[in-house]
There are 2 protein chains.
Amino acid sequence: MQPKLKDVAKLAGVSVATVSRVINDRGYLSSGTKEKVYQAMRQLNYSPNSAARALRGKTFKLIGLIFASVENPLIAEAVQKIENQLFEGGYKAIICNSLDNPAKEQQYLKMLMANQVDGIITGSHNESLKEYKMSGLPIVSYDRYFPSPIPTVSCDNAAGGKLAANTLMDKGSEKLMLISGSLEKIPRNADRVAGFNQAVEAVGQKSTTVRLRFNDTPGIKRAMIRQQLSAYQPDGVFCTDDQTALLCLQEAKSLGMKVPDDLQVIGFDGSQYVQQYHPELSTIVQPIDDIVDLLVRILFNRLEQNDDQLLDRYVLPVSLLQRGSLRN
Amino acid sequence: MQPKLKDVAKLAGVSVATVSRVINDRGYLSSGTKEKVYQAMRQLNYSPNSAARALRGKTFKLIGLIFASVENPLIAEAVQKIENQLFEGGYKAIICNSLDNPAKEQQYLKMLMANQVDGIITGSHNESLKEYKMSGLPIVSYDRYFPSPIPTVSCDNAAGGKLAANTLMDKGSEKLMLISGSLEKIPRNADRVAGFNQAVEAVGQKSTTVRLRFNDTPGIKRAMIRQQLSAYQPDGVFCTDDQTALLCLQEAKSLGMKVPDDLQVIGFDGSQYVQQYHPELSTIVQPIDDIVDLLVRILFNRLEQNDDQLLDRYVLPVSLLQRGSLRN
DNA sequence: TTTTCATTTGAAAACCCTTACAATTTTCAT
DNA sequence: ATGAAAATTGTAAGGGTTTTCAAATGAAAA
C-alpha cells in the first residue's frame with residue numbers, strides 16, 4: 001500500500017496538517033519542520049493521492065488531447081511537444097484518437113468531463129459543439145474554427161493554398177490539379193482548397209479537383225490518385241497534406257512522369273519528419289513550434305487565470321519549403 | 001457545477017445510497033426505483049465524480065503508456081492501436097514520452113503511481129526497475145526484458161539481426177556495416193546487434209559497427225553516417241531501426257553510391273508508415289498488431305484477474321520485407 | 001396468527017487529503 | 001517587562017462516493 005499523509009506525519013513527528021502545508025507550501029513553516037517532513041517523504045517515497053486532492057478542490061492536473069490520429073507525423077509531433085510542455089507545467093496528458101469520427105469524439109468528451117480533466121486541447125471535428133460548450137472547461141482548438149469565446153490557433157491555411165498555387169504557376173505549371181486529402185467539410189481543408197482555387201482563378205487559370213477521404217486506406221487513395229494523374233496529365237499538383245503528396249509523388253514516378261520536369265508537387269504541413277526523411281517533397285510548412293507554444297500558453301493562461309490579453313483567434317504565417325519536387 | 005449524487009437522489013426521491021447502488025448495480029433493487037433513478041440521471045446529465053470513486057477504492061480506469069517518443073512511426077502506430085483497444089475496454093491512456101531519459105522515466109513513473117493508474121504499458125528503459133517493482137502495479141513491457149514476473153512482449157530481435165545479416169550476404173554483400181541507431185545498452189538493440197554479428201562471424205565474415213545515440217539530432221546522425229560510409233565503403237548495411245536506415249539511404253545516394261548495386265540497406269521495424277511511404281526501404285518487420293494485441297490482452301488479464309495461463313515472455317517472429325534497397 | 005426470511009431502503013462511516021480556525025509559541029517595539 | 005503582532009503547529013470539518021449495517025416492509029411458511 002502506498003504511504004499516506006498520516007504515515008509521513010507520524011514518521012516526521014508532526015501533524016498531518018503540517019505535512020500537507022509543507023507539500024503545498026502554504027502558510028508559515030519553520031525550516032526545521034520542513035526539513036523533517038521532506039526527509040520523511042523521501043524515506044517513504046511518498047506522493048500524494050491525487051484522487052483525494054482532487055476531491056478537496058485541487059485539480060487533477062490532467063489535460064485531454066483530442067486529435068484525429070497520432071499516426072500522422074505532424075500530429076505526432078504536436079502531441080509530443082504539447083505533452084512535453086504540459087509535463088513541464090506539472091500536467092498530464094490523456095490522449096484521444098477520434099479518427100475524425102464524431103461519435104467517438106463525443107464519447108471522448110464525455111469521458112474527459114467525467115474524469116475531471118482541467119482542460120482540453122482539440123484538433124478534431126467540432127460537431128460536438130454543444131458538449132464542448134456545456135463542459136464549461138477551458139478549451140483550446142488547433143486548426144478548427146470554433147466560435148468565440150473558444151480560442152483557436154491555426155496556420156494561415158488560405159494563404160498556404162494561395163502560396164502553393166502561385167508557386168506552381170510561377171514555376172511554369174499550367175495544368176493544375178488539386179488533391180484534397182480529406183473531406184472539405186473540414187474548414188481547415190476547405191480554406192486550403194479555397195485559397196488555392198482563388199489564386200488560380202485570379203489569373204484566369206483552371207484546375208481539377210480530386211477528393212479523397214480521410215478514412216480511405218492508402219491503397220485506395222493511391223489508386224484514385226494514379227487514375228486521376230493519368231487521366232488528366234497535370235503538370236502541377238497541390239495536395240492538402242504531405243501524406244497525400246507523398247503518394248502522389250510515388251504514383252507519378254511509377255507512371256513515368258519526371259519530377260519536377262513533367263510534374264511539380266507541393267504538399268502541406270511540413271512536419272520535422274517529412275523535412276528529414278522525405279527530402280524531395282516541397283511543402284507549405286506550418287510553424288508547429290509556435291502553434292504548440294500558443295496552444296499551451298493560452299490553455300495555461302485560462303487554467304491559472306492570470307488573465308493576459310488573449311485573442312480568440314490566432315492565425316500564424318506559413319512558409320514554403322522548396323525542394324526537389326519543384327523547379328528552381 | 002457538475003450535479004452530484006445528492007442532486008440525483010433528491011430529484012429521484014431516494015437516498016444517495018440507493019442511487020449509488022443503481023449505478024453500480026449492487027444488491028437488491030426494485031425496478032421502480034431503478035427507473036426513477038435512471039430518469040433523474042439522464043435529466044441531470046449526471047456522471048459520477050471519478051475522484052470520489054477512486055477514493056473509495058474503485059479504480060480510475062487509467063493506463064499509463066511510457067514510450068521513448070511518439071514521433072517514431074512504429075511507436076505512434078503502437079500507441080494508436082493500444083489506445084484504441086484500451087478505449088474499447090473502458091480505459092483511458094495517459095501518455096508519457098520518456099525520451100529514453102531515465103530521470104524523466106522515473107518522474108513519469110512516480111506521477112503515474114500518484115495518479116492511481118491501474119496499470120502501465122512501457123516500452124522504455126528499465127533502469128527504474130526498483131520503482132517498477134515497488135509500484136505493485138500490473139505492468140507489461142514491450143521490447144524491454146524485465147525479469148519475471150513482469151511479462152514482456154517483443155519480436156525476435158536476435159533472429160531479426162541474423163536474418164538481416166544472412167540476407168545481405170546471400171545477396172552478395174561482402175563489406176558489411178552495422179549502424180546501431182541507439183545505445184547498445186538497450187537490450188533490444190543489443191540483441192539485434194548480437195544476432196547480426198553472430199551470423200556474420202558464423203561464416204567467417206567481418207563487419208564494422210557505427211554507434212549513434214538516440215538523442216543525437218538527425219543532422220549529427222547524418223554526418224556520422226556519411227563519414228563512415230565514405231571511410232569504410234561498405235556494400236551492405238544493416239541499421240537497427242528504419243529511421244537510421246532512411247538516413248543511410250539518403251547519404252549513400254548523395255555520396256553517389258548506387259542502391260542496391262553498390263550498396264544494399266536493411267532497416268528494422270517496418271511500421272505501416274514506412275511500408276507505405278518509403279517504398280524503397282527493405283526492412284525487418286515487427287508483427288506490431290500481434291504485439292499490441294498481446295500487450296493489451298496480458299494487461300487486461302491482470303487487471304480483471306481472470307487468470308488465464310500466461311507466460312512471462314513472448315517472443316514473436318519477424319519477417320523480411322524485401323524491396324528496392326536489396327538486390328533480387 | 002405468528003415466525004421466518006428474502007427484499008428494499010436509508011443512515012452513517014470511511015477513503016485521503018486540504019484548509020479554516022484555534023491554540024500556542026516566538027519576536028519585537030515600547 | 002509588557003503587550004501586540006507575527007510565526008508555528010494542531011484539531012477537525014468537509015469534499016463525493018461506496019459500502020456496511022441496521023431498519024423496515026412484505027410474502028411465505030408454520
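FYI, side chains are in, hydrogens and waters are out, and symmetry mates aren't considered; it's all heavy atoms of this structure. The chains referred to below are lettered A, B, ... by the order of the sequence lines, with proteins before strands, and numbering in each begins at 1.
Taking every nucleotide of DNA chain C with any atom under 4.0 Å from a non-hydrogen atom of chain A, the first and last of them, 5' to 3', are C:dC16 to C:dA20. The span of DNA chain D lying next to chain B, judged by atoms under 4.0 Å from heavy atoms, is bounded 5' to 3' by D:dG16 to D:dT20.
Of the residues in residues 32-41 of chain B, those with a non-hydrogen atom less than 4.0 angstrom from any atom of DNA chain C are B:T33. For the segment residues 9-27 of chain A, residues with any heavy atom less than 4.0 angstrom from an atom of DNA chain C are, sorted by number, A:A17, A:S20, A:R21, A:N24, A:R26.
Side-chain contact of A:N97 with B:K81: a donor-acceptor pair under 3.5 Å is absent, judged by distance alone. Residues B:N101 and B:N215 have side chains that never bring a donor and an acceptor to within less than 3.5 angstrom of each other.
With respect to A:I82, the side chain to side chain contact (heavy atoms under 4.5 Å, CB included) criterion is satisfied by exactly one of A:L299, A:D293, A:I121: A:I121.
Judged as a side chain to side chain contact (heavy atoms under 4.5 Å, CB included), and not counting sequence neighbours, the contacts of A:V16 are A:L5, A:K6, A:A9. Residues meeting the side chain to side chain contact (heavy atoms under 4.5 Å, CB included) test with B:E35, sequence neighbours left out: B:Y38, B:R42. For B:R313, the side chain to side chain contact (heavy atoms under 4.5 Å, CB included) partners two or more places apart in sequence, or in a different chain, are B:Y145, B:T152, B:S154, B:V315. Every residue meeting the ring pair (Phe, Tyr, Trp, His ring centres under 6.0 Å) condition with A:Y91, not counting sequence neighbours, appears here in chain and number order: A:F300. Looking at residues two or more places apart in sequence or on another chain, you find a ring pair (Phe, Tyr, Trp, His ring centres under 6.0 Å) between B:F87 and A:Y108. Residues passing the side-chain hydrogen bond (donor to acceptor under 3.5 Å, both in side chains) test with A:D7, sequence neighbours excluded: none.
Summarising the geometry, atom NZ belonging to B:K36 is positioned 10.5 Å from atom CG belonging to B:L11; distances are rounded to the nearest 0.5 Å.
Between its opening and closing five pairs, the helix from C:dT1-D:dA30 to C:dT30-D:dA1 changes axis direction by 40°, a value rounded to 10 degrees.
Scanning both residues, A:S30 and A:T33, for their nearest heavy atoms gives OG-OG1, 2.6 Å.
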Query raised in the report: What do the steps show when you test B:N115 against B:K110 for side chain to side chain donor-acceptor pair (under 3.5 Å), and what is the final call?
Result: CA-CA 9 Å; B:N115 279 275; B:K110 198 157 182 206; over 6 Å; no
Query - Residues A:D312, A:R302; criterion salt bridge (Lys or Arg N to Asp or Glu O under 4.0 Å); working and verdict - result: CA-CA 12 Å; A:D312 284 348; A:R302 303 224 12 227; over 6 Å; no
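Between B:E105 and B:C96, the closest side-chain pair of non-hydrogen atoms is not below 4.5 Å.
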Give the table of side-chain donor-acceptor pairs shorter than 3.5 Å for residues 53-68 of chain B, with sequence neighbours excluded, one pair per line with atom names and distance.
unit_1 : atom_1 : unit_2 : atom_2 : d
B:R53  : NH2    : B:N24  : OD1    : 2.9

